[in-house]
Undergrad: 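Handing you a structure now.
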Amino acid sequence: MIVVVGVTGAGKSYFINTVAGKKVVPEGNDLASCKCAAVPVTVGRTKVLLVDTPGFDEAKRSDSEILSEIAEILSAQYAVGVELKGIIYLHRITDIRFTRGAVKTLDIFKKICGDLALKNVLLVTSRWGEVDEDLGSKRERELRENFWAYMLHKGSTLTRFHGDKPGAAALMSQLLSKDTVVLDLQRDLVDEGRNLDQTSAGQYVDDGLEKKMREYERAIADLDQMKRELMEEDRAMKRRIQQDCADEKARLQKTEGERENLRRPVGSEVQVKIKGKRSGIYKYLPFIPAVVGLMSTFVRFPGGAYDQFIAWLEGTPFDPSMLADIFLAF
Ligand SMILES: Nc1nc2c(ncn2[C@@H]2O[C@H](COP(=O)(O)OP(=O)(O)OP(=O)(O)O)[C@@H](O)[C@H]2O)c(=O)[nH]1
Ligand SMILES: [Mg+2]
């Protein structure tokens, strides 16, 4: 399995569609693009499951929701025994600066991986056709010397993607030739049985949410104070303040819910689900390889990927033990 990450609009879905050779996951500003999706692809003679992930973009979904979704998939993949070959981190070279969302996505991503897994990360710049070569090289140098310096020091590889299929396949091959990797988040959730907020990535998101809650609480206190100081007859203003107060309280409650979502033992939950599904899945064998069936509990296989999946199975003898070997390549 290879996971594709990056901010919203970085080109994750475009990359996956390019490798697949057809549109299997939605591209562009599509709401469906907010969800994780798995696409079976073949690179050379190797069968790989390519996972699309949403970028951390609060305008679409909360950080806690996105992290939970990514944590579930990574825990399931690890618990089921699918090999993780690496991660492709996409970044548009056309971006003038690192936005807050980009900094956050990179920070969370580094914490998901942990230092030891960074050698299985490809830091990929894209959209080279839309930028002057000199300007692009200057930005690439900045990335190398600043934002990505730590990761490169820990063994990540900096490389370019020119938007073409052979280029995408070459990037995939680069990761497929590496040893399998286990991420910090997977160890913490599955091996150690921690709650998501007790992992380094979860703590980062939780700290952000706690900060937000303090802001809302301050705003509510200020509004209460204003309300007390208002003259009795200033009814219209009082009503407005009351409405603002209700809005802030609703935000506070929502943020509390998001923090609650992080206090889950995602690794154990996933293992329970897998256990429950396993017996059901075996009924369908040898028609559906067990690991794909199990993974589909946690990650969506988009409509277009179904044909891809069938084609992917072509030439595969329908024998479970042989299928198991094939899926070791995930
Ligand atoms: N020509 C070209 N277009 C690209 C490339 N990468 C992305 N695009 C286009 O840029 C837009 C955004 O790309 P997506 O692949 O949807 O971005 P994403 O990272 O999946 O975004 P989210 O799913 O919202 O997180 C789409 O219209 C793509 O077709 C590229 O390398 N070349
Ligand atoms: Mg997408």
Side-chain angles (χ1 to χ4, degrees), residues 1-41 49-74 86-109 112 121-133 135-137 139-140 143 147-148 158-172 174 201 205 298-305 308:
M1 188 169 101
I2 288 177
V3 181
V4 187
V5 301
V7 294
T8 302
K12 301 178 290 288
S13 306
Y14 176 90
F15 178 84
I16 290 173
N17 289 335
T18 306
V19 178
K22 62 178 173 176
K23 203 161 178 174
V24 274
V25 283
E27 270 175 46
N29 203 10
D30 192 322
L31 266 187
S33 72
C34 299
K35 285 258 169 197
C36 286
V39 176
V41 295
L49 199 62
L50 201 45
V51 176
D52 196 1
T53 62
F56 287 85
D57 175 3
E58 286 177 45
K60 291 186 175 174
R61 289 164 76 204
S62 76
D63 291 349
S64 129
E65 204 182 327
I66 293 173
L67 181 64
S68 300
E69 193 174 307
I70 294 174
E72 272 194 16
I73 291 160
L74 290 173
I87 298 178
I88 291 178
Y89 187 94
L90 275 166
H91 176 82
R92 285 175 301 225
I93 201 68
T94 47
D95 284 0
I96 294 164
R97 67 176 90 88
F98 250 61
T99 59
R100 240 178 54 174
V103 173
K104 187 164 65 180
T105 301
L106 190 68
D107 279 349
I108 298 176
F109 166 67
I112 288 177
V121 172
L122 289 188
L123 297 165
V124 181
T125 50
S126 63
R127 315 291 279 259
W128 281 89
E130 295 164 41
V131 77
D132 172 73
E133 172 74 27
L135 181 61
S137 301
R139 284 188 189 146
E140 191 183 45
L143 288 168
F147 292 108
W148 291 348
L158 176 66
T159 181
R160 297 180 183 184
F161 171 50
H162 295 283
D164 57 308
K165 189 170 177 172
L171 294 178
M172 296 279 294
Q174 223 173 314
V205 171
F298 304 95
V299 61
R300 193 170 54 94
F301 281 80
Q308 196 91 13

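Both ligands and their constituent atoms are indexed starting at 1 by order of listing. Note that the numbering runs from 1 along the sequence shown for the chain.
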Undergrad: Is there a polar contact, in the sense of an N or O pair closer than 3.5 Å, between Lys12 and ligand 1?
TA: yes

Undergrad: Under 30°, 30 to 60°, or over 60°: which ring-plane class applies to Trp128 and His162, parallel, tilted or perpendicular?
TA: tilted

Undergrad: Is Gly163 in polar range of ligand 1, meaning some N or O pair under 3.5 Å apart?
TA: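 In fact, backbone or side chain, Gly163 has no N or O that close.
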
Undergrad: Return yes or no for this condition: an N or O of Asp52 is under 3.5 Å from an N or O of ligand 1.
TA: no

Undergrad: Using a 4.0 Å cut-off to any heavy atom of Val7, which atoms of ligand 1 qualify?
TA: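 Heavy-atom distances to Val7 below 4.0 Å select 19 (O).
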
Undergrad: Atom CZ of Arg160 and atom CG of Leu171: how far apart are they, to the nearest 0.5 Å?
TA: 12.5 Å

Undergrad: Taking both backbone and side chain into account, is any N, O or S atom of Thr8 nearer than 2.8 Å to the Mg ion (ligand 2)?
TA: no

Undergrad: Evaluate Arg127 for polar contact with ligand 1, using N/O atom pairs at a separation under 3.5 Å.
TA: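 Yes.
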
Undergrad: Is any side-chain heavy atom of Ile112 closer than 4.5 Å to one of Ile87?
TA: no

Undergrad: My understanding is that we take every heavy atom of each candidate and find the minimum distance to atom 15 (O) of ligand 1. Doing that for Phe56, Tyr14, Trp128, which one comes out nearest?
TA: Tyr14

Undergrad: Before giving the answer on side chain to side chain contact (heavy atoms under 4.5 Å, CB included), spell out for Asp164 and Thr18 the whole-Å C-alpha distance, their side-chain angles and the decisive distance to 0.1 Å.
TA: CA-CA 7 Å; Asp164 57 308; Thr18 306; 5.8 Å; no

Undergrad: Counting both backbone and side chain atoms, is some N or O of Pro26 under 3.5 Å from an N or O of ligand 1?
TA: no

Undergrad: Decide yes or no on side chain to side chain contact (heavy atoms under 4.5 Å, CB included) for Leu74 and Val3, but give the supporting numbers first.
TA: CA-CA 9 Å; Leu74 290 173; Val3 181; 4.2 Å; yes

Undergrad: Side chain or backbone, does Glu130 bring an N or O within less than 3.5 Å of an N or O on ligand 1?
TA: no

Undergrad: Give the single entry among Ser13, Gly6, Gly28, Pro54 that approaches atom 26 (C) of ligand 1 most closely by any heavy atom.
TA: Gly28

Undergrad: Checking the N or O distance criterion of under 3.5 Å, is ligand 1 in contact with Ala10?
TA: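 There is such a contact, yes.
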
Undergrad: Measure the spacing between OG1 of Thr105 and OH of Tyr89 and express it to the nearest 0.5 Å.
TA: 5.5 Å

Undergrad: Applying a strict 4.0 Å limit to heavy atoms, is Leu90 in contact with ligand 1?
TA: no

Undergrad: Give the numbers and elements of all ligand 1 atoms closer than 4.0 Å to a heavy atom of Gly55.
TA: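 Those qualifying, in numeric order: 25 (O).
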
Undergrad: Using the side-chain contact (heavy atoms from CB on, under 4.5 Å) rule, pick out the option among Leu90, Asp95, Ile96 that qualifies with Arg92.
TA: Asp95

Undergrad: When the ring planes of Phe147 and Phe98 are compared, do they come out parallel, tilted or perpendicular, using 30° and 60° as the limits?
TA: parallel

Undergrad: A side-chain contact here means heavy atoms from C-beta on lying under 4.5 Å apart; do Phe56 and Arg100 qualify?
TA: no

Undergrad: What part of Val25 sits under 4.0 Å from ligand 1 if we count only heavy atoms: the side chain, the backbone, both or neither?
TA: neither

Undergrad: I need the single residue from Leu50, Val39, Leu122 that forms a side-chain contact (heavy atoms from CB on, under 4.5 Å) with Val4. Which is it?
TA: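 Option passing the side-chain contact (heavy atoms from CB on, under 4.5 Å) with Val4: Leu50.
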
Undergrad: Short N/O distance, under 3.5 Å, between Gly9 and ligand 1?
TA: yes

